[in-house]
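Scroll down for the structure; my scribbles are underneath it.
The sequence lines fix the lettering, A, B, ..., with proteins before strands; numbering per chain opens at 1. The basis for the numbers below is simple: all heavy atoms, side chains too, and nothing from hydrogens, waters or symmetry mates.
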Number of protein chains: 2
Amino acid sequence: MSFPDRRKKILNALHQAGSLSVIELSEKLAISPATIRRDLHDIAGEGLLLRTHGGAMKIENPILTGFIEKIGANEVKKEQIGKCAAEHVHDGDIIFMDCGSTVFKMCTYLKTKNNIRVITNSLPILAELIDVPAIQINLIGGELDKHRKAIHGAKAVQHIDSYHAHKAFVGVDGISAENGLTAHTENESAITSAFARNAGEVFLLCDSSKIGKDSYFKFGDLSMIKYLVTDKELNAAQKEGLTGAGLIIVADE
Amino acid sequence: MSFPDRRKKILNALHQAGSLSVIELSEKLAISPATIRRDLHDIAGEGLLLRTHGGAMKIENPILTGFIEKIGANEVKKEQIGKCAAEHVHDGDIIFMDCGSTVFKMCTYLKTKNNIRVITNSLPILAELIDVPAIQINLIGGELDKHRKAIHGAKAVQHIDSYHAHKAFVGVDGISAENGLTAHTENESAITSAFARNAGEVFLLCDSSKIGKDSYFKFGDLSMIKYLVTDKELNAAQKEGLTGAGLIIVADE
DNA sequence: TTATTTTTGATTGCTTTTGGTTATTTTTGA
DNA sequence: TCAAAAATAACCAAAAGCAATCAAAAATAA
C-alpha cells in the first residue's frame with residue numbers, strides 16, 4: 001500500500017474513532033508500527049492530525065487542504081473584499097451569490113449570520129455552506145459546467161427569473177466607465193445579468209486589477225450595479241469615473 | 001494500443017478502483033509494466049492522476065468530498081441492484097436518477113458508458129460523476145434538503161417537468177400489490193412521480209426488504225413502473241403479486 | 001519497397017520504501 | 001526526584017519499485 005493510500009485510511013479511521021493508538025492503527029491497516037509512526041509524523045506535519053504519545057487524534061477543524069490555492073497578493077485582496085461584502089448581509093436576508101472566487105470568499109463571514117437564504121449556482125459555495133444550520137440554500141438548476149463548478153445555461157437563467165432577492169453579490173471579468181461590464185463568456189454574463197435584474201440591490205465584488213480593464217463580451221452598463229466592493233488600491237481617476245456613473249464605492253479601510 | 005487509448009483506459013480504471021498498482025494495470029490492459037510506468041509518468045505530468053510508489057491514485061475533487069454517501073445497511077444487495085440497473089443504460093441515453101443509496105450504486109457502473117446525460121437531484125451522484133468526461137450532468141434546481149443531500153420542492157418538480165428522458169431510475173420506501181408505491185415524505189414522492197411521468201421507461205430499484213412493505217404516504221400505483229430491479233431473495237408469492245400487476249422483474253442471477 | 005522515426009518491452013544499476021533492532025526520550029508511578 | 005515502563009527516532013538490511021539504456025518491432029515517410 002502506498003503512502004497516499006495509507007494517509008487516506010489513517011485519516012478516515014481517525015475521523016471515525018476520534019483517536020487511535022499506533023498499535024491499533026498498525027493492526028487495523030496491517031502495517032508495521034514503524035511505518036505508522038513515520039506516516040503519523042508526516043501527516044501531523046501537514047496539520048491534518050494531532051500527534052500524541054502512543055497514537056494520534058483527529059483535528060476538529062482541519063484546514064481545507066483542497067483550497068491551498070496560490071496565495072498571491074490578490075488572495076488577500078479578495079479575502080478583504082469578501083469580508084467587506086458580507087458585512088452588508090443582515091439576518092433574514094435573501095441573497096443571490098454568483099460563482100467566482102471573490103464571491104466565494106464571503107462564505108466564511110456568512111456563517112455567523114442568522115436565518116439567511118442563499119440562492120446560488122456555485123458548487124463550492126454550496127459545499128461550504130451546506131453544514132451551516134442557519135443558512136437555507138436554494139440551488140439553481142441547469143447544465144453543469146464541470147470546469148467552473150457552476151450551473152449555467154438557459155434553464156438556470158429561467159430559474160433565477162422566478163425568484164427575487166434583497167441583494168445580489170456578483171463578479172465580472174472587467175469593468176470600465178467606457179464599456180461598462182464585460183465577461184469572458186456569454187454564459188457567465190447571462191447569469192450575472194439575471195441576478196442583477198431580480199435583486200433589490202446589486203453588489204459587484206471586484207478587485208482593483210479588473211477595474212479599467214475590459215473583457216470581450218459586453219453585457220451591461222454601470223447602472224446595473226449599485227455598490228462596487230473593492231480594495232483600497234484605487235486611484236482618484238478610477239474612482240471619479242465610476243462614482244460619476246452613479247456607483248457607490250465600498251472598500252475596506 | 002495507442003497512447004491516447006491507453007490513457008483513457010488507465011484513467012477510467014483508476015476512476016472505478018480509486019487506486020491501482022502498476023502490476024494490476026499492466027495485467028488489466030495487457031501492457032508491459034515499463035510502458036505503464038512511462039504512461040503514468042506522463043499522465044501525472046498533466047495533473048490527471050496522482051503517481052504513487054507502486055502505482056497511481058485518482059485525484060479526488062476536494063470541493064465535493066462533503067457530499068459523499070455514507071455506508072449503510074444491505075450494501076451488497078444494493079451494489080448488485082445498482083450494477084444490474086446500470087446494464088440497462090446504453091451509450092447516448094438520457095436518464096433521470098433519483099436520490100437514494102441504491103440508485104447511487106449505479107454510478108460506478110455508469111463510468112464506462114459513452115455520451116450519456118444524467119438529470120439528477122442528488123448531490124452524491126453529482127459528486128461521483130462530475131469528473132467523468134463522457135457524462136453530462138443536468139442538476140435539478142430548488143430547495144436543498146441538507147439531511148438527504150438532495151434538491152426537492154415545487155421548483156424541483158417544475159424543473160423535471162420541463163425535460164423528457166429515455167429512462168428513469170427511482171427508489172421508493174415501500175411497494176406492495178395492495179397499496180402500490182409508498183414513501184416516507186410527500187416531498188420525496190413528488191420528485192419520484194415527476195421522474196416517472198417524464199420518462200419513457202421507469203426502473204424501480206428496490207431491495208427485497210422493501211417489497212410487501214408499506215410506508216405512510218401512498219403516491220402511485222404499480223402501473224407507474226415498467227421494470228422492478230431487485231435481488232434474488234424474492235419468494236414466489238411476492239413475484240406473482242407484482243408481475244400480475246404488469247411489472248417486469250429484473251434480477252441479477 | 002526501403003529508410004527513418006517512434007514505440008515497445010527487457011535488462012540492469014540505482015533509489016525508495018519497509019520492517020526489525022537498538023539507543024534515546026518521554027511518561028508514569030512511587 | 002528517581003526508576004521502571006512505554007514509546008519514539010535513528011539506523012540498517014532486505015525487498016520492491018523505478019528510470020535509463022538498448023535492441024527489436026511497428027508505424028510512418030520517402
Side-chain angles (χ1 to χ4, degrees), chain A residues 1-66 68 70, chain B residues 1-62 65 108 111-112 114-115 131-134:
Chain A
M1 205 190 318
S2 65
F3 172 65
D5 228 355
R6 287 199 308 271
R7 199 176 77 140
K8 199 167 143 191
K9 289 194 179 173
I10 289 173
L11 286 171
N12 247 324
L14 262 185
H15 197 74
Q16 281 191 287
S19 71
L20 287 167
S21 73
V22 170
I23 303 300
E24 284 173 319
L25 277 168
S26 131
E27 285 169 0
K28 219 175 178 101
L29 310 189
I31 304 278
S32 81
T35 304
I36 293 290
R37 290 201 179 93
R38 261 190 294 253
D39 287 352
L40 290 183
H41 177 88
D42 294 349
I43 302 171
E46 295 176 50
L48 296 176
L49 57 76
L50 211 67
R51 187 73 164 89
T52 64
H53 271 253
M57 290 176 67
K58 76 167 170 186
I59 287 179
E60 288 303 332
N61 295 333
I63 319 152
L64 291 175
T65 49
I68 310 178
K70 358 110 215 210
Chain B
M1 205 189 319
S2 66
F3 173 65
D5 227 359
R6 288 199 309 272
R7 200 176 77 138
K8 196 174 160 189
K9 288 196 177 175
I10 289 173
L11 285 172
N12 248 323
L14 261 185
H15 244 286
Q16 282 189 270
S19 71
L20 287 167
S21 72
V22 170
I23 303 300
E24 284 172 320
L25 277 168
S26 126
E27 284 169 359
K28 218 174 179 105
L29 309 189
I31 305 277
S32 80
T35 304
I36 294 290
R37 289 201 180 92
R38 262 189 292 253
D39 287 353
L40 291 183
H41 177 88
D42 294 349
I43 302 171
E46 295 176 51
L48 297 176
L49 57 76
L50 207 68
R51 187 72 163 90
T52 66
H53 269 249
M57 293 177 71
K58 75 168 169 186
I59 292 182
E60 306 257 356
N61 218 316
T65 44
T108 315
K111 291 177 181 177
T112 53
N114 280 310
N115 189 32
D131 284 322
V132 185

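Distances shown here put every side-chain N or O of B/T35 at or beyond 4.0 Å from the OP1 or OP2 atom of C/dT8. In this structure, B/R6 reaches the C/dT8 phosphate: one of its side-chain N or O atoms is under 4.0 Å from OP1 or OP2.
Rounded to whole Å, atom P of C/dG19 lies 14 Å from atom CG of A/L25. Atom CG of A/L40 is separated from atom P of C/dT18 by 14 Å (rounded to the nearest Å). Protein atom CZ of A/R37 is 13 Å distant from nucleotide atom C1' of C/dT26, rounded to whole Å. Between A/D42 atom CG and C/dT16 atom P there is a gap of 15 Å when expressed in whole angstrom units. Rounded to whole Å, the distance from CD1 on A/I36 to P on C/dG19 is 9 Å. For the pair A/I31 CD1 and C/dT18 P, the interatomic distance rounds to 7 Å; values are reported in whole Å. Rounded to a whole Å, the CG atom of B/D39 is 13 Å from the P atom of D/dC18.
Helical stems involving DNA chain C, defined as 3 or more consecutive Watson-Crick or G-U pairs under 3.5 Å, span C:1-30 with D:1-30.
Under the side-chain hydrogen bond (donor to acceptor under 3.5 Å, both in side chains) criterion, B/E27 pairs with no residue, sequence neighbours left out. Here B/D131 pairs with nothing under the salt bridge (charged side-chain N to carboxylate O under 4.0 Å, His left out) rule; sequence neighbours left out. Under the rule for a salt bridge (charged side-chain N to carboxylate O under 4.0 Å, His left out), the partners of B/K111 that lie at least two apart in sequence or sit in another chain are B/E128. In this view, A/A44 and A/L49, A/R51 satisfy the side-chain contact (heavy atoms from CB on, under 4.5 Å) rule, not counting sequence neighbours.
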Could you tabulate the donor-acceptor pairs under 3.5 Å formed by side-chain atoms of residues 28-36 of chain B, not counting sequence neighbours?
from: B/S32; atom 1: OG; to: B/T35; atom 2: N; distance (Å): 3.4
from: B/S32; atom 1: OG; to: B/T35; atom 2: OG1; distance (Å): 3.3

Result block: side-chain N/O donor-acceptor pairs under 3.5 angstrom for residues 1-8 of chain A, not counting sequence neighbours:
from: A/D5; atom 1: OD2; to: B/S19; atom 2: OG; distance (Å): 3.3
from: A/R6; atom 1: NE; to: A/D39; atom 2: OD2; distance (Å): 2.5
from: A/R6; atom 1: NH1; to: A/M1; atom 2: O; distance (Å): 3.0
from: A/R6; atom 1: NH2; to: A/D39; atom 2: OD1; distance (Å): 3.0
from: A/R6; atom 1: NH2; to: A/D39; atom 2: OD2; distance (Å): 3.2
from: A/R7; atom 1: NH1; to: A/E46; atom 2: OE1; distance (Å): 2.3
from: A/R7; atom 1: NH1; to: A/E46; atom 2: OE2; distance (Å): 2.9
from: A/K8; atom 1: NZ; to: B/E60; atom 2: OE2; distance (Å): 3.1

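Listed in residue order, the members of residues 44-54 of chain B having a heavy atom less than 4.0 Å from DNA chain D are B/R51, B/T52, B/H53, B/G54.
In this structure, the nucleotide among C/dG20, C/dA10, D/dT8 sitting nearest to the side chain of A/V22 is D/dT8.
In this structure, B/A30 and A/A30 both approach DNA chain C, and ranking their closest nucleotides by distance from the 5' end singles out B/A30. Comparing B/H41 and A/I23 by the nucleotide of DNA chain D that holds the closest heavy atom to each, the one mapping nearer the 5' end is A/I23.
The salt bridge (charged side-chain N to carboxylate O under 4.0 Å, His left out) analysis of residues 14-26 of chain B, with sequence neighbours excluded, yields no pairs.
Checked by distance alone, A/R38 brings a side-chain donor or acceptor within 3.5 Å of a matching partner on the base of C/dG19.
Of all heavy-atom pairs spanning B/L50 and B/I59, the tightest one is N-CG1, 4.0 Å.
Tested against A/L20 for a side-chain contact (heavy atoms from CB on, under 4.5 Å), the candidates A/T52, A/I10, A/L14, A/L40 yield a single pass: A/L14.
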Using a cutoff of under 3.5 Å, can you pull out all pairs of nitrogen or oxygen atoms linking the protein to nucleotides 24-28 of chain D, with atom names and distances?
none

